[in-house]
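Remember, predicted model here, so these are calculated numbers, not experimental data.
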Amino acid sequence: MIEIEYIVKDSNGVERLRTTDKKAADAYDRALDNADRLAQMLRADKVLESLSDADLEELTIYLARNARDVERVLKGKAPERDKTETRPTVPNADNVAPIKSSA
């Protein structure tokens, strides 16, 4: 049997996700790209200047992974999901290895 494994690395080459689910790998890769863009925007606009790089990374990844709910809130609507429920952050979470910390 052949099994294909997808590895997603951040812009520094640090492995962030290992999965057999291509859709999950693509979605996480897009989230990392969006998080990088958000971080660049926040740094360029000098927003939260005293925030550490690690905290900024955590914040922007959270915002990117929850983009739908963030967009709803910015439009004056409630998030689609109840914050008390737990929802996998990527599809088919059973095939996903834990995220490695870059710190």
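Applying the side-chain hydrogen bond (donor to acceptor under 3.5 Å, both in side chains) test to every pair with at least one member in residues 38-55, sequence neighbours left out, gives these pairs: R43-D53, S52-D55. Residues in residues 27-38 take part in no salt bridge (charged side-chain N to carboxylate O under 4.0 Å, His left out) pair, two or more places apart or across chains.
Residues V70 and L51 share a hydrophobic cluster, clusters being chains of Ile/Leu/Val/Met/Phe/Trp/Tyr side chains in contact below 4.5 Å. Hydrophobic cluster membership differs between I4 and I7, with clusters built from Ile, Leu, Val, Met, Phe, Trp and Tyr side chains linked at under 4.5 angstrom. Residues Y62 and L38 share a hydrophobic cluster, clusters being chains of Ile/Leu/Val/Met/Phe/Trp/Tyr side chains in contact below 4.5 Å.
With sequence neighbours excluded, no residue forms a side chain to side chain donor-acceptor pair (under 3.5 Å) with K77.
A salt bridge links E57 to R16: one of the charged nitrogens lies within less than 4.0 Å of a carboxylate oxygen. A salt bridge links E5 and R18; the closest N-O separation between the charged side-chain nitrogens and carboxylate oxygens is under 4.0 Å.
The two residues A64 and A31 make their nearest non-hydrogen contact at CB-O, 3.3 Å. Here the shortest heavy-atom pairing between P79 and V73 reads CG-CG2, 3.9 Å.
Here the straight-line distance linking atom CG of D69 with atom CG of L63 works out to 11.0 Å at 0.5 Å rounding. To the nearest 0.5 angstrom, L48 atom CG is 7.5 Å from L56 atom CG. Taken to the nearest 0.5 Å, the OH atom of Y6 stands 12.0 Å off from the CG atom of L17.
Of the possible donor and acceptor atoms, one in the side chain of D21 sits under 3.5 Å from a partner among the backbone N and O of K23. A donor-acceptor pair is defined here as one N or O able to donate and one able to accept, closer than 3.5 Å; such a pair exists between the side chain of D10 and the backbone of G13.
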E3 vs T20, side chain to side chain contact (heavy atoms under 4.5 Å, CB included): CA-CA, chis, key distance, verdict: CA-CA 7 Å; E3 186 173 304; T20 57; 3.2 Å; yes
